[in-house]
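These notes are about the structure you will find just below.
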Amino acid sequence: MSILTQYFSTKHNTAPFSQIKIEDYLPAFQEGIALAKAEIDAIVNNPETPTFENTILPLEYSGDTLDRISNIFFNLNSAETNDEMQKIAQEVSLLLSEFGNDITLNAALFSKVKTVYDQKESLNLNPEQTTLLDKQYKSFSRNGANLAEDKKEQLREIDKELSRLSLQFGENVLAETNAFELHLTNESDLAGLPEGTIEAARLLAKSQEKKGWIFTLDHPSYLPFLTYADNRELRKKMAIAFGAKAFQGNEYDNQENVLKIAKLRFERANLLGYKTHAHFVLEERMAESPEKVFTFLNDLLAKAKPAAQKEFAELTAFAKDLDGIEELEKWDSAYYSEKLKQQLFNLDDEKLKPYFQLEKVLNGAFTVAKKLYGLTFTEVFDIDKYHDEVTTYEVTDAQNNLVSIFYADFFPRKGKRNGAWMTSFKSQYIKDSVNERPHISNVCNFTKPTETKPSLLTFNEVTTLFHEFGHGLHGMLANTTYPSLSGTSVFWDFVELPSQIMENWCYESEALALFANHYETNEIIPIEYVQKIKESASFQEGLATLRQLSFGLLDMAWHGQDPTGITDLKAFETKQFANTKLYPDVKENAMSTAFSHIFQGGYSSGYYSYKWAEVLDADAFEYFREEGIFNTEVATKFKDNVLSKGGTEHPMLLYKRFRGQEPKPEALLKRAGLL
């Protein structure tokens, strides 16, 4: 028996990282799958009439050993990986995918779940039990369990083809990204660029044994170039190359792939009884229907467009005054916006960083959580961790009960992927009258301390820390019966509310006073800096909102109607962008052929959810503002109705219980300076 499949006899049953060897994983997964299969067989072979107690409950708790192994392995594969682990990950992903299909296509198991589901009205279930039953039934029905055998076969073929096309789409975008480089040998072409960007370009050229500097379409190279390079012709060259990805009629062209993906998704939705792909997706979202999403996006558009037009006119006038530019083009946008921002606010990261020492910012987040939710974070040294840089905390409530274990892992290293995320090693749930508390982790990539300086954060990194900590609180304060409904297991367009709302405290002087002290003098951040942070937060928000809405509307255009008549991708796009267009069109460019969020990632019919969650968080924070940003009554309502409830009920019901009404977009518009 593997150490991973036994009960951990560690403090709080935490993962015994130092005792796990890499060769333990594969046998543990095999053992975990065998255990889970035996649990499923026991449900299927039970001769009694299917009930909630003998079918739905054992199905919910089946595979908990496998889940625990998966959590440990895949979390480490993101935060502390190596070649060997990545090989195991590929092998294990196939095993898990096969096991998942074995369950959803198990006709005998589905028949038992359906028997219980069909009599749910007479079962006298509480809201959480009802949600669990619905969720289990849909995990089968939305994957074709109700279809006739020939239709199931058709669905499997569509899924295989969609999987192939989306992989091909991504490979083409990557190939096109890698195929372009701007090689400069004349130093005067670098005018305006930051030192760090020039240095990176020089090192890239050197690695290819070339003289000069090489710039690419990767974001760390491309974005600074478009933002700071004084040479307009070179900005144009970069921007056109970026917008032409997979739209060049070559072997990496994605036009056919996009049309095929959109049409297959539509066909799949029809097969399952839905009008369009968006109808299928949105059934399991807060927004519920394409009509609601279109209304939401168009309402915001009506309010943001006048502001965007005004900002565009200001930017145009600024560029004309500064450099005599007659017509603003797409490759001028970031460049002149940055120049205008500096002129208006005279605020940059170098001025702010000394006030944001990592340890103080983290303690600030802890203090905010204590003031709002009565939580205390105590660093402990007797809990095993997977790397020396990780810090571990016991989180307790006002009565000193254990709420959660919290792992914080903040610095980049070789085995860790980019970005910032929250995850859990163990979910919260209640079984046999025991409330199992969660083990939650925040992982980020901040600047490491040096011999002379501690880790100092940019303001953007401060909001990132608070954002991930908000997700963390959603996991830590979970208080539900069933693991699959616990913590962050909520609708896609609701999951960002707990994280985004936390960012608001970073802009409040009352909260900044708790942690924004100069690392050398201990002086509190000057009030004029706080004012500038607040003012610059809504700089060109109209333009930014218009851009996001244009992406959301394009996504819905592909997925919220019948796409079978679309033959010309560029013409279709041009029509969709007509209402949000400010800059002249660039004929060599298309958006969809490299719109990886919706054609490769999980955002099809879901791009709107970025803005949706912003409306929720602005509306919710407005309530805190009205009553005081540390008002414990409002905080308790937020904790009891949102943070602790996970996915046990429809999120709109939970939100209305907290707020007393549906969210209003006015709060977002006010915060963004669009009213």
Evaluate the criterion side-chain hydrogen bond (donor to acceptor under 3.5 Å, both in side chains) for residue pair Glu379 and Thr391; output intermediate values, then yes/no. CA-CA 7 Å; Glu379 187 173 358; Thr391 45; 5.2 Å; no
Decide yes or no on side-chain hydrogen bond (donor to acceptor under 3.5 Å, both in side chains) for Glu496 and Ser609, but give the supporting numbers first. CA-CA 9 Å; Glu496 293 298 331; Ser609 55; over 6 Å; no
Checking side-chain hydrogen bond (donor to acceptor under 3.5 Å, both in side chains) for the pair Asp397/Asn401: CA distance, chi angles, key distance, verdict?
CA-CA 6 Å; Asp397 63 16; Asn401 301 311; 3.2 Å; yes
**Request:** Take Asn82 and Ile22 through the test side chain to side chain contact (heavy atoms under 4.5 Å, CB included) and record every step on the way to the result.
**Result:** CA-CA 10 Å; Asn82 53 46; Ile22 202 146; 3.6 Å; yes
message: Using the rule given for side chain to side chain contact (heavy atoms under 4.5 Å, CB included), can you reason through Ile533 versus Ile525, listing the C-alpha separation, both sets of side-chain angles and the distance that settles it, and then say yes or no?
response: CA-CA 11 Å; Ile533 287 171; Ile525 190 166; 4.3 Å; yes
- Mind running side chain to side chain contact (heavy atoms under 4.5 Å, CB included) on Phe446 and Leu465 for me, showing each step along the way? CA-CA 9 Å; Phe446 299 140; Leu465 187 148; 3.8 Å; yes
inquiry  = Run Phe469 and Phe377 through ring pair (Phe, Tyr, Trp, His ring centres under 6.0 Å) and show every step you take.
reply    = CA-CA 12 Å; Phe469 186 65; Phe377 288 73; 5.6 Å; yes
Practice task
Kindly indicate, with the supporting measurements, whether the criterion side chain to side chain contact (heavy atoms under 4.5 Å, CB included) is fulfilled by Gln136 and Val116.
Solution key: CA-CA 11 Å; Gln136 281 192 11; Val116 182; over 6 Å; no
Evaluation steps, side-chain hydrogen bond (donor to acceptor under 3.5 Å, both in side chains), between Lys637 and Tyr623: CA-CA 11 Å; Lys637 278 171 90 170; Tyr623 190 14; 2.8 Å; yes
Test ring pair (Phe, Tyr, Trp, His ring centres under 6.0 Å) applied to Phe624 and Phe630, step by step: CA-CA 7 Å; Phe624 276 99; Phe630 290 118; 9.0 Å; no
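Residues Leu654 and Asn641 approach most closely at CB-O, 3.2 Å, considering heavy atoms. Here the closest heavy-atom approach between residue Asn13 and residue His439 is recorded as O-CE1, 3.4 Å. Heavy atoms only, all atoms of each residue included: Arg68 and Gln6 are closest at NH2-O, 2.7 Å. Scanning both residues, Ala15 and Asp384, for their nearest heavy atoms gives O-CB, 3.6 Å. The two residues Asn77 and Ala89 have their closest heavy-atom pair at ND2-CB, 3.6 Å. Annotation for Ser605 and Asp555: closest pair N-OD1, 2.8 Å, computed over non-hydrogen atoms.
Checked for salt-bridge contact, Asp118 and Lys114 meet the test: a charged N lies under 4.0 Å from a carboxylate O. Between Arg657 and Glu649, at least one side-chain N (NZ, or NE/NH1/NH2) sits under 4.0 Å from a carboxylate O, which counts as a salt bridge. Salt bridge Glu436/Lys431: absent, no basic N to carboxylate O contact under 4.0 Å. Remark: Arg671 does not engage Glu622 in a salt bridge, criterion side-chain N to carboxylate O under 4.0 Å. Looking at Asp409 and Lys385, no side-chain N of the basic residue comes within less than 4.0 Å of a carboxylate O on the acidic one, giving no salt bridge. A salt bridge is defined here as a Lys NZ or Arg NE, NH1 or NH2 lying under 4.0 Å from an Asp or Glu carboxylate O, and Glu84 with Lys87 fails to meet this definition. With respect to Glu394 and Lys11, a salt bridge is recorded, a charged nitrogen being found less than 4.0 Å from a carboxylate O. Between Glu80 and Arg413 there is a salt bridge, with a side-chain nitrogen of the basic residue lying less than 4.0 Å from a carboxylate oxygen of the acidic one.
Taken from CG in Asn54 to CD1 in Ile43, the straight-line distance is 9.0 Å, to the nearest 0.5 Å. The NZ atom of Lys135 sits 5.0 Å away from atom CG of Leu485, with the distance rounded to the nearest 0.5 Å. With values rounded to the nearest 0.5 angstrom, Leu125 atom CG is found 9.5 Å from Leu132 atom CG. Remark: Thr130 OG1 to Tyr117 OH distance equals 10.5 Å, nearest 0.5 Å. From Thr648, atom OG1 reaches atom CG of Leu653 across 10.0 Å, with rounding to the nearest 0.5 Å. Here CG of Leu57 is found 5.0 Å from OH of Tyr482. Values are rounded to the nearest 0.5 Å.
The distance between the ring centers of Tyr603 and Tyr610 falls below 6.0 angstrom.
Side chain of Thr104 to backbone of Gly100: a donor-acceptor contact under 3.5 angstrom is found. Within the 3.5 Å criterion, the main-chain N or O of Thr480 finds no donor-acceptor partner in the side chain of Lys645. Panel note: side chain Ser62, backbone Leu59; a donor-acceptor pair is recorded below 3.5 Å.
For the residue pair Asp619/Tyr655, the side-chain donor-acceptor check at 3.5 Å is satisfied. If you check the side chains of Lys370 and Thr376, you find a donor sitting under 3.5 Å from an acceptor.
In the displayed structure, Glu633 atom CD is contacted under 6.0 Å by at most 12 heavy atoms of other residues, nucleotides or ligands. Counting non-hydrogen atoms of other residues, nucleotides and ligands closer than 6.0 Å to CG of Asn126 gives a total above 12.
Partner of Phe366 under the ring pair (Phe, Tyr, Trp, His ring centres under 6.0 Å) criterion, out of Phe466, Tyr373, Tyr393: Tyr393 alone. When each of Leu96, Thr423, Ile69 is tested with Phe74 by the rule side-chain contact (heavy atoms from CB on, under 4.5 Å), just one qualifies, namely Leu96.
At a threshold of 4.5 Å between non-hydrogen side-chain atoms, the residues Phe410 and Ser455 do not count as touching. Between Asp134 and Lys120, the closest side-chain pair of non-hydrogen atoms falls below 4.5 Å. Taking the side chain as every heavy atom from C-beta outward, Leu358 and Phe411 approach each other to under 4.5 Å. When side chains are defined from C-beta on, Glu461 does not count as touching Phe356, because their heavy atoms never get closer than 4.5 Å. Taking the side chain as every heavy atom from C-beta outward, Asp640 and Phe658 never approach each other to under 4.5 Å. No side-chain heavy atom of Leu282 sits less than 4.5 Å from a side-chain heavy atom of Glu288. Under the 4.5 Å side-chain criterion, counting only non-hydrogen atoms from C-beta, Pro16 is in contact with Ile3. The shortest distance between side-chain heavy atoms of Ile33 and Lys37 falls below 4.5 Å.
Ring-plane geometry between Phe17 and Tyr407 is classed as perpendicular, the angle between the planes exceeding 60 degrees on a 0 to 90 degree scale with a lower cut at 30. Below 30°, between 30° and 60°, or above 60°: for Tyr386 and Phe425 the angle between ring planes is between 30° and 60°, a tilted geometry. Between Phe459 and Tyr507, the two ring planes are perpendicular [angle over 60°; tilted spans 30° to 60°].
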